[in-house]
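When reading the values below, keep in mind they use all heavy atoms of this one structure, side chains included, and skip hydrogens, waters and symmetry mates.
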Amino acid sequence: MSTDNLRVLIVAEHASLKLGGEASLPMHYFRILRQRGIEAWLIVHERTRDELTAYFTEELDRIYFIQDSFWHRLCWQLGKPLPHRAALFTTGFALRLLTQFMQLRLAQKLVRKHGVTIVHQPIPVSPKEPSMLRKIGVPVVIGPMNGGMNYPPAFQHLEKSWVQLTVGIGRMMSNLFNRLIPGKLEASVLLVANARTRQALPQGIKGKVIEIPENGVDLTLWQPVVKQPQTPPVQQPTTGSETPVRFVYIGRLIDWKAIDLLLFAFRRVAETHPAILEIIGDGPERENLQAQAEELRLTQTAAAACRLQGFVQFSGWLPQTECAQRLETADVLVMPSLMECGGAAALEAMAMGLPVIATNWGGFTDYLNASCGILVEPSSPVDFIEGLAAAMIRLASNPELRQLMGQAGRQRVLDHFNWDRKIDHILEIYQEAIDQGFKPVGSQPIATDLPLGKAATF
C-alpha cells in the first residue's frame, strides 16, 4: 500500500514511555510512522516535553506542546486527594476536556498548514469519554479504545460506595456528554480492543467500528536472549542449593493491582519452593506493601531466619530498558490486577519468552490463553489467593512447562501483537477512512506561524 500521500496528525493528552500504560501508545504510533518515512505530526501536553525532547531529538519540529494553564493546575490539585477512579471521572475529566479544547484549535490550523489527510486520537482509551476533535476537515480515527471495566463481583466491596456512585453517574451521563461534545459520534472510524468495549460505546455512533488490539510490543526492546551466567539483579536465598524460580511483577503499586493478595499467595510458595518475587514499580501503596512483606516474614533476612525458601524484593520504578533486563533473568511474570483494561506488561513478558500468571478478568483475557499462561479466577479473595499460589507452585515445579508456555507466548506476540503488524493494520484503516470521500482542506500556510517544538497557546 502506498503511503506517499498520507499525512497523519496524532492528538493525545500524553505521549510517554515513562508514564507507561495508555500514555505510551501515541509515542509508539508517532515513532513507527516516522521510522517508515510517513509524514506525521504530534500534539501533546507539555508535561512530557523533556522525555519527548530527549527521545525525538531530530523530530522536534513535528511536535507541538499544549502549555499548562492555571485551570490545568487547579484541576490537578483538586484531584490529588481523591481516589484514582473518582478523580478520573471528575477533575481528571475536566482537565482532559480543557486540553482537548486547546488541541482542537491547534489541530484545525495544522491540518491547513501541513495538508494533513487524517487525524488520529489514540487516547484516552475510555469508550465513553467524549472527544472534541470534530469539524477538522479530514477524517478522524479514535482509539483503539478499551474500557467498560469494573471490579470483579467478588471484589466490588474494595471500592468505596461514593466512588461507585460517582463512576456510575459519570457513565450514565456519557450519552448526554457525547451529544453535547459529539466528536466521537461524528468520527470516521472508532477502534475498539474487544467486544466489551464495543458495547460500552455511546449511542448514536455514525462511523465504522473496527476491533483491533489496544497494545503492541516493540520487538526491538522486548526479545529473549541467550542467558549467560551473570550476577543476578537480586541476591540468592541463603537456604538450600536449588536455583530459585524468579517471579516478577511490573506495574504501579496501587490498590486495584492487588499486590497485597499476591504477597499472601507468595508466602505459601516460599514455604515449599526456592523462589524470589521481585516487585518492580512505585506508587502510593509501596509503603503499605513493604510493611505487609515485613509482617509476612518475606524480607530476605526474615525469610532466612524462619527457614522460608523464598523472599520478596521491592526494586522501585525502573526504565523500560532495565525492566527488559530484569525479565531476561526472570522465569514468570505475575499480574494479579483486578481492574486491568490493557495489560501491556503481560505482552512484553510474553515477547521475552516468559509464561504469565494473571487474573481471568479484563485485558489479560484478550492476550492470554492456556498455551502461554495461567488465568486465575477472581471468584473470592480467599480463592484468588489460593489460585495465585497454586499457579506459581505449578510453574515453579515444572521448568519444562515454563519453557513451552514461554515459547507459545512469544509466538503469539509475533503473530498478533507486535507493533509493526499493528501499524500495517492501522495504515490500512487510515487509507480506508480517507477513501470514504473526505477531502483534505489543503496545504496552504495559515496566516500565523506556529511554534514548532514549543508550547503552543491558543
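One N or O on the side chain of R196 and one on the backbone of G147 form a donor-acceptor pair closer than 3.5 Å. Formation of a donor-acceptor pair under 3.5 Å by the R412 side chain with backbone atoms of Y367 is found in this model. In this structure, the side chain of R410 does not engage the main chain of M352 through any donor-acceptor pair within 3.5 Å. In this structure, E214 contributes its side chain and M145 its backbone to no donor-acceptor pair below 3.5 Å. Looking at R421, its side chain never comes within 3.5 Å of a backbone N or O of H425 through a donor-acceptor pair. Side-chain N or O atoms of N175 include none that pairs as donor or acceptor with a backbone N or O of P202 at under 3.5 Å. No donor-acceptor pair under 3.5 Å is formed between the side chain of K184 and the backbone N or O of N178. With hydrogens and angles ignored, the 3.5 Å screen pairs no side-chain donor or acceptor of D282 with any backbone N or O of G316. No donor-acceptor distance shorter than 3.5 angstrom exists from the side chain of T48 to the backbone of E51, with no hydrogens or angles considered. For the pair R402 (side chain) and L354 (backbone), a donor-acceptor distance under 3.5 Å is absent.
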With a 3.5 Å cut-off and sequence neighbours excluded, list the donor-acceptor pairs that the side chains of residues 387-394 form with protein atoms.
none

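Residue Y249 comes nearest to L333 through the heavy atom pair CA-CD1, 4.4 Å, listed as atom of the first residue, atom of the second, then distance. When all heavy atoms of A408 and S371 are compared, the pair lying nearest together is CB-O, 3.3 Å. Smallest separation of non-hydrogen atoms from F247 and A275: CE1-CB, 4.0 Å. Contact record, A265 with I385: CB-O, 3.5 Å, taken as the closest heavy-atom pair.
Salt bridge status for E271 with R268: absent, with no side-chain N to carboxylate O gap under 4.0 Å. Residues R47 and E13 are paired through a salt bridge, judged by an N-O separation under 4.0 Å between the basic side chain and the carboxylate. Between E59 and R31 there is no salt bridge, since no side-chain N of the basic residue sits under 4.0 Å from a carboxylate O of the acidic one. The pair R36-D424 meets the salt-bridge criterion, since a charged nitrogen lies less than 4.0 angstrom from a carboxylate oxygen.
Aromatic ring orientation, F177 versus F93: tilted (interplanar angle from 30° to 60°).
Atom CD of Q103 sits about 9.0 Å away from atom CG of L9, to the nearest 0.5 Å. Distance CD/E328 to CD/E322: 11.5 Å, rounded to 0.5 Å. Here N288 contributes atom CG and L253 contributes atom CG; the two are 10.5 Å apart, rounded to the nearest 0.5 Å.
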Show your working on ring pair (Phe, Tyr, Trp, His ring centres under 6.0 Å) between H120 and Y430 and close with a plain yes or no. CA-CA 9 Å; H120 185 184; Y430 287 167; 5.6 Å; yes
Under the criterion side-chain contact (heavy atoms from CB on, under 4.5 Å), I'd like the reasoning laid out for C323 against W222: C-alpha separation, chi angles, the key distance, then a yes or no. CA-CA 9 Å; C323 288; W222 305 98; 3.8 Å; yes
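Side-chain contact between Q313 and Q300 is absent, with no heavy-atom pair separated by less than 4.5 Å. The closest side-chain heavy-atom distance from E377 to T359 is not below 4.5 Å. In this structure, L289 and D260 have side chains that are in contact, with non-hydrogen atoms separated by less than 4.5 Å.
Here W419 pairs with H28, Y29 under the ring pair (Phe, Tyr, Trp, His ring centres under 6.0 Å) rule; sequence neighbours left out.
Applying the ring-ring contact (aromatic ring centres under 6.0 Å, His included) test to pairs two or more places apart or on separate chains, none has a residue in residues 318-337.
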